[in-house]
Amino acid sequence: MTGSAATARIILICHNVPFGRAMAAAMRARFGSALHGILAIERPVSLRQRLRRTLAAAWRATPLERRVKRLEARLAREAARAFDCAAAPPRDWPPGAAVHICANPNASASAAWLAAQHPDLIAVTGAPVLKPTVFTLPRLGTLNMHSSLLPAYRGTQAEFWQVLEQDWQSCGITVHFVDVGVDTGRIVLQRRTEGAAGLSPQMLRTRNLLQALHLVPDAAAAVLEGHAHPVLQGPGPKARRSRDRTLAARAALLRRLGYLPGSGTPGPVPHSAGRQP
């Protein structure tokens, strides 16, 4: 690292999950004590709340929905095992880094904690849409990791839509600056991920996360060392939201993958594919 990068203060915003800890370890390995702090997102749910939600969902769910959920849970477990095997994420956060566990990074307490760290750069690898009061804090800006080659597939769960629509050309990781739009900021780095027919969205996600362990530190280093040349994004499709991932679309994807009986060709989806119009 150059002198400016070595003395910078970097804050990582991530989820309190194995990937978050693996990313923190990768950032510490790259930047040492310049990784000053970690804001880890965790939404605790009590056993009673979890049981109540499970019973309510089971009562309302159709047989198809129950089967879809079981298959999705199985695919998620397989992908999680593959990530753990490849990345060997640590159990703890890097020693010496300040850690703030919160349910919402936009909450006033979280914003106050971030401001008190006086960050030069924030790197985000998993979070809800950040408010300007958060992403404008660091003097060098806030970087976000997105799991597609932007501007394709803005919004949530890009891998789901890429597999459903068989759009392998857009698979990859983008690290971009955060602005007031949803995944619309200037692009710092991109790297393609190999996708192929038969690959589940969950396993494609694992491939993306493994890529990100290298690409996010590379992008942060480029910004800190003054080597980054951010590129404006072109026009792209409307960002997908979680509610667009309907039961019909989820079942169509599982049929395409051969986990549900029926045609391998999906039916109508909420709106056009993630490619540029």
Side-chain angles (χ1 to χ4, degrees), residues 1-15 19-41 93-94 96-100 102 104-151 154 172-191 209 211-234:
M1 288 189 296
T2 65
S4 59
T7 58
R9 287 187 165 212
I10 306 169
I11 299 294
L12 173 66
I13 297 180
C14 60
H15 289 286
F19 171 66
R21 295 190 293 275
M23 181 59 73
M27 296 289 279
R28 171 54 64 87
R30 183 67 172 268
F31 300 108
S33 60
L35 177 63
H36 179 74
I38 299 153
L39 189 151
I41 302 169
W93 302 107
V99 178
H100 178 72
C102 70
N104 180 6
N106 291 309
S108 56
S110 301
W113 182 86
L114 286 166
Q117 308 312 308
H118 304 291
D120 296 297
L121 181 70
I122 292 177
V124 183
T125 61
V129 175
L130 296 179
K131 294 181 179 179
T133 51
V134 171
F135 71 73
T136 59
L137 280 172
R139 65 180 182 86
L140 295 175
T142 295
L143 296 175
N144 179 58
M145 176 201 89
H146 182 74
S147 55
S148 77
L149 298 180
L150 291 172
R154 291 172 174 147
I173 291 290
T174 300
V175 182
H176 64 93
F177 280 108
V178 178
D179 63 12
V180 294
V182 177
D183 302 320
T184 56
R186 295 171 299 150
I187 293 171
V188 177
L189 285 179
Q190 289 184 310
R191 188 168 297 163
L209 296 182
Q211 286 257 49
L213 293 176
H214 304 283
L215 195 66
V216 172
D218 285 349
V223 172
L224 291 168
E225 296 170 4
H227 302 152
H229 300 286
V231 177
L232 290 172
Q233 292 190 41

At their closest point, which heavy atom of [X] faces which heavy atom of [Y], and how far apart are they?
{"X": "Pro105", "Y": "Leu130", "answer": "CG-CD2, 3.8 Å"}
{"X": "Leu140", "Y": "Phe177", "answer": "O-CE2, 3.3 Å"}
{"X": "Ala24", "Y": "Leu35", "answer": "O-CD2, 3.4 Å"}
{"X": "Phe31", "Y": "Ala221", "answer": "CZ-N, 3.6 Å"}
{"X": "Ala212", "Y": "Phe19", "answer": "CB-CZ, 4.2 Å"}
{"X": "Pro94", "Y": "Ala25", "answer": "CG-N, 4.2 Å"}

From [X] [atom1] over to [Y] [atom2], what is the distance, rounded to the nearest 0.5 angstrom?
{"X": "Met27", "Y": "Ile10", "atom1": "CE", "atom2": "CD1", "answer": "5.0 Å"}
{"X": "Leu39", "Y": "Leu12", "atom1": "CG", "atom2": "CG", "answer": "9.0 Å"}
{"X": "Thr174", "Y": "Leu143", "atom1": "OG1", "atom2": "CG", "answer": "12.0 Å"}
{"X": "His15", "Y": "Ile41", "atom1": "NE2", "atom2": "CD1", "answer": "4.5 Å"}

Run the side chain to side chain donor-acceptor pair (under 3.5 Å) test against Thr184 and tell me which residues pass, sequence neighbours left out.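 Thr184 satisfies side chain to side chain donor-acceptor pair (under 3.5 Å) with Asp179 only.
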Those residues that, when tested against Arg154, pass side chain to side chain donor-acceptor pair (under 3.5 Å) (two or more places apart):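 Per chain and number, Arg154 pairs via side chain to side chain donor-acceptor pair (under 3.5 Å) with Gln233.
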Donor-acceptor check, side chain of Asn106 to backbone of Lys131, threshold 3.5 angstrom: yes or no? yes
Hey, could you give me each pair passing ring pair (Phe, Tyr, Trp, His ring centres under 6.0 Å) that has a residue in residues 123-149? Not counting sequence neighbours.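 Not a single pair qualifies under ring pair (Phe, Tyr, Trp, His ring centres under 6.0 Å).
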Can you sort out the partners of [X] under side chain to side chain contact (heavy atoms under 4.5 Å, CB included), two or more places apart, ordered by chain and number?
{"X": "Leu189", "result": "Leu215, Asp218, Ala219"}
{"X": "Pro138", "result": "Pro119, Ile122, Thr142"}
{"X": "Gln211", "result": "Ile173, Arg191, Thr193"}
{"X": "Ala115", "result": "Leu137"}

Would Ser110 and Asn104 satisfy side chain to side chain contact (heavy atoms under 4.5 Å, CB included), going step by step from the backbone distance to the final call? CA-CA 7 Å; Ser110 301; Asn104 180 6; 5.7 Å; no
Derivation and outcome, side chain to side chain contact (heavy atoms under 4.5 Å, CB included), residues Leu209 and Met145: CA-CA 10 Å; Leu209 296 182; Met145 176 201 89; 4.2 Å; yes
By salt bridge (charged side-chain N to carboxylate O under 4.0 Å, His left out), Arg186 pairs with (sequence neighbours left out) none
Pairs flagged by side chain to side chain donor-acceptor pair (under 3.5 Å) wherever residues 113-125 is involved - sequence neighbours left out: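 The answer is His36-Gln117, Asp120-Arg139.
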